[in-house]
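All remarks here apply to the structure that follows.
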Amino acid sequence: MKKKLLIRDLTMRDGQQSQFATRMSQRQVEKLLNLYKKAHFYAIEVWGGAVPDSIMRYLGEDPWYRLESIKAVIGDVSKLTALSRGRNLFGYNPYPDSVIEGFNRNAVKSGIGIMRIFDALDDITNMKSTIHYVKMNGGLADCAVCYTVDPKYSFSYKMKRTLTGKKINIFTQDYFIELAKQLEGFGADIITIKDMAGLIPPQVAGPLIRELKKEISVPIDIHTHCTPGYGIPTLLVSMINGVDIIDTVIMNFAGGPAAPAFEVMQIFADKLGLDTGVDLEAVADINRELLGIRQELENFDTTKKFPRPFDIAKDKLPPEIDAVFDNAIELAKAEKYDELVEECAKIDEYFNFPGPNQIVKDAEIPGGMYTNMLAQLKQGKLDHLLNDVMKIVPDVRLAAGLPPLVTPTSQIVGAQAVNCIVDKTKGQPFYTTKSVQFVNLVKGVYGTTPYPVDPEFREFLTGSKEEVPYDTSKYKKQDNPSFPEFEGAKLAANEKEELLLELFPAVAGNFLKKKRETEYHAILEERERKRQEELAKIPPEPEMTPEEKEAYLQEGLYNGW
């Protein structure tokens, strides 16, 4: 009997978010659902992340309807999964338990079977309440350890730092294993190594998965991206070392900033004797539909590089490429990792996936962090200072307590590095200009950082030497006004809409007001339709005066026509 390898498909959430700015419409999603039902993936990630915000903001669509409509078709064939940032849910500041409980209860009730829970600081205390409420409502708690790396300095900057600072070595294998053990102790049903930036190379992933399988009794999942070119080799060595679940994207949405292609990893699974249980004909059908959807999303396509057409159910690899897959397996088993990365690059090239982003690979920072810093500099016509910014990112990150380079902390650190260099151009000291988010990060509002913040620096920046956590007792619930112009309709009509208002105040406020307006106009149109129907029923004889007709109509409406 073949060993099982479970697949979590990310196409409709992480795939479209990484590649197409989360612009898939409800219509496009619905074209895929019956095919996904046939595919029999273990799990399908469809919600959380940027989905709720983006579909309200850009598409005017209801996030809860998106989730419930998918569940209505998929049923229990595959588990639907979502992403949540623990106590912060989708924002920066932690929410009180009442919001966390309401969100997770409604998410599970609306169809989520697995909630992937992470914290941008790897602060487990920020994850406890979500773990509790997900499990209490019948969902599985997939607890993610955010993979990150120690600060990387340039050679000249490193020489300078040896005179003033000590070597930092925090994010070791033991660090990630200890976090995983703690999360299992808190009730995790799955442990995920979550590598949002694609920074985990195979030489780290293989031994880490091997040790986790010895230390952890719940299933282990690995999530990574292809940005620096490690995606395929990293998943391959994870499979060889016994990982239970891998995260993939169907080919036309895969590669580049997204996760590795399912089809590529399925070929490896077949060669390794691993059974994914996925219907390959259904996957081929989904991939064909995705091609059309990708063409529709052309304006948001980050790479505009389409993969080679490939039907995983019937197409065969050329002998020379099939040999590359075999060689990659042998190199992975022999732990010849540098050669493995080179061999897997041939697979990327054959299928026409984007090559590695060398800047991200060398700097070991997320691609989104890099592009945001560059955009911030370009806005001030200072993009020639990018190298200066890159040099100080490690020190800014260290000053903030070495937060993992994940959303939103990577963006907070990157934006502050830009602020510091801009300060320097004005002849001002670093940290003269500082964002509220960076101050709150140093203060302790978002949680405890992996590395202690220097108390003197914290006092300089925030006025307090001690960490000051966010006080949820001061949380003020969002207003839910009524609209006299819509006959007194409330902005949020039910608990789910109230939660949208809590989590995305500005975006949900605009979305819900338009929804109430649309509903009100629909009511007016229905009333007018009924009015015209009743007018048509009035007998021609005896002739009624206009006043009598109006009285007749009002009596009918009053009695509930």
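The structure presented is a predicted model; accordingly, all values stated were derived computationally and were not measured.
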May I ask you to say whether K304 pairs ionically with E298, meaning some side-chain N is under 4.0 Å from a carboxylate O? no
Sidechain N-carboxylate O distance under 4.0 Å for E497, K490: no
Around atom NZ of K31, are there more than 12 heavy atoms from other residues, nucleotides or ligands closer than 6.0 Å? yes
Practice item. Under the side-chain contact (heavy atoms from CB on, under 4.5 Å) rule, what do L500 and W64 come out as? Steps first, then yes or no, please. Key: CA-CA 9 Å; L500 293 179; W64 292 108; 3.5 Å; yes
Original post:
Which is it for K465 and E456 under the salt bridge (charged side-chain N to carboxylate O under 4.0 Å, His left out) test, yes or no, and what are the steps along the way?
Top reply: CA-CA 6 Å; K465 285 187 177 182; E456 300 297 327; 3.2 Å; yes
Stepwise side chain to side chain donor-acceptor pair (under 3.5 Å) test for Q19 and D301:
CA-CA 6 Å; Q19 298 271 36; D301 194 331; over 6 Å; no
Point to revise | Audit row: L32, I293, side-chain contact (heavy atoms from CB on, under 4.5 Å) steps and yes/no | key: CA-CA 10 Å; L32 304 173; I293 292 171; 4.0 Å; yes
Taking every heavy atom of P94 against every heavy atom of Y470, the minimum-distance pair comes out as O-CE2, 3.2 Å
Query raised in the report: Would one find more than 12 heavy atoms of other residues, nucleotides or ligands at under 6.0 Å from atom NZ of K71?
Result: yes
Only one of L140, I131, N104, T81 passes side chain to side chain contact (heavy atoms under 4.5 Å, CB included) with M115, and that residue is N104
Heavy atoms of P151 and P394 approach each other most closely as CB-CB, 3.8 Å
Ion pair check, E519 and R516, cut-off under 4.0 Å: yes
Between D119 and R87, is a salt bridge (charged side-chain N to carboxylate O under 4.0 Å, His left out) present by the stated rule, with each step listed?
CA-CA 8 Å; D119 178 68; R87 290 179 65 202; over 6 Å; no
Which of parallel (below 30°), tilted (30 to 60°) and perpendicular (above 60°) describes F486 and F483?
tilted
D383 vs K378, salt bridge (charged side-chain N to carboxylate O under 4.0 Å, His left out): CA-CA, chis, key distance, verdict: CA-CA 5 Å; D383 40 309; K378 281 183 175 178; 5.6 Å; no
Note to self: With a sphere of 6.0 Å drawn around CG of D76, does it hold more than 12 non-hydrogen atoms of other residues, nucleotides or ligands?
What the structure shows: no
Distance col, row D122:CG vs I124:CD1, nearest 0.5 angstrom, shows 7.5 Å
Within 6.0 angstrom of E466 CD, more than 12 heavy atoms from elsewhere: no
**Q.** Pairwise side-chain contact, W47 with L80, heavy-atom cut-off 4.5 Å (strictly under)
**A.** no
task = Could you walk me through whether R8 and D221 pass salt bridge (charged side-chain N to carboxylate O under 4.0 Å, His left out), step by step?
result = CA-CA 9 Å; R8 184 192 313 243; D221 187 327; 2.8 Å; yes
Here the gap from E498 atom CD to L503 atom CG, rounded to the nearest 0.5 Å, amounts to 11.5 Å
Should Q437 and Q416 count as side-chain neighbours, where that means a heavy-atom distance under 4.5 Å? no
In this structure, OG1 of T22 is separated from CG of L59 (nearest 0.5 Å) by 9.5 Å
Heavy atoms of V99 and Y95 approach each other most closely as CG1-CD2, 3.8 Å
**Prompt:** Is a salt bridge present between R527 and E487, judged by a nitrogen-to-oxygen distance below 4.0 Å?
**Reply:** yes
Task: Near-ring test F504/F511, centroid separation under 6.0 angstrom - done: no
- For K424, look at atom NZ and say whether over 12 heavy atoms of other residues, nucleotides or ligands are found less than 6.0 Å away. no
- Take F20 and N299 through the side-chain contact (heavy atoms from CB on, under 4.5 Å) test and state the conclusion after the steps. CA-CA 8 Å; F20 313 114; N299 291 340; over 6 Å; no
T303 meets the side chain to side chain donor-acceptor pair (under 3.5 Å) criterion, sequence neighbours left out, with R294
Can you find a heavy atom in the side chain of R66 that is under 4.5 Å from one in the side chain of I55? yes
side-chain hydrogen bond (donor to acceptor under 3.5 Å, both in side chains) with Q28: of Q16, E296, R23, only one passes, and it is E296
Practice item. For K305, look at atom NZ and say whether over 12 heavy atoms of other residues, nucleotides or ligands are found less than 6.0 Å away. Key: yes
query: side chain to side chain donor-acceptor pair (under 3.5 Å) between R13 and S18: does it pass, once the steps are laid out?
result: CA-CA 9 Å; R13 204 291 297 174; S18 298; over 6 Å; no
Next item on the list: Take T449 and D123 through the test side-chain contact (heavy atoms from CB on, under 4.5 Å) and record every step on the way to the result.
Entry: CA-CA 7 Å; T449 52; D123 183 353; over 6 Å; no
Please verify the inter-ring angle class for F103 with F90; under 30° counts as parallel, over 60° as perpendicular, anything in between as tilted. perpendicular
Legend entry - Side chain proximity check, F430 to I392, heavy atoms < 4.5 angstrom: yes
- [ ] Report yes if the side chains of D14 and M196 come closer than 4.5 Å at any heavy-atom pair, otherwise no.
- [x] no
OG1 of T433 to CG of N419, rounded to nearest 0.5 Å, is 5.5 Å
When every non-hydrogen atom of I117 is compared with those of M127, the smallest separation belongs to O-CE, 3.1 Å
Would you mind reporting whether F253 and L291 have side-chain heavy atoms less than 4.5 Å apart?
-> no
Query raised in the report: Is there a side-chain contact between I44 and K79 (heavy atoms, below 4.5 Å)?
Result: no
When rounded to the nearest 0.5 Å, the distance separating CG of L183 from CZ of F118 is 13.0 Å
Shortest non-hydrogen pair, D189 vs V218, comes out as O-CB, 3.4 Å
One should read off an interatomic distance between S78 OG and I7 CD1, to the nearest 0.5 angstrom, of 11.5 Å
Please walk me through it: do E61 and S25 pass side chain to side chain donor-acceptor pair (under 3.5 Å)?
CA-CA 8 Å; E61 295 179 357; S25 67; 4.9 Å; no
Minimal heavy-atom distance between R105 and N137, with the atoms involved, is CG-OD1, 3.4 Å
Exercise for review: Count the heavy atoms of every other residue, nucleotide or ligand shown that sit under 6.0 Å from CD of E528, and state whether that count exceeds 12.
Suggested key: yes
- Message: Would you say that more than 12 heavy atoms from the other residues, nucleotides or ligands in this model lie under 6.0 Å from the NZ of K109, or not?
- Response: no
Derivation and outcome, side chain to side chain donor-acceptor pair (under 3.5 Å), residues K496 and S110: CA-CA 10 Å; K496 289 177 183 175; S110 293; 3.1 Å; yes
ask   = Are any of the side-chain heavy atoms of R116 and D247 separated by less than 4.5 Å?
value = yes
D142 side chain vs I114 backbone, donor-acceptor pair below 3.5 Å:
no
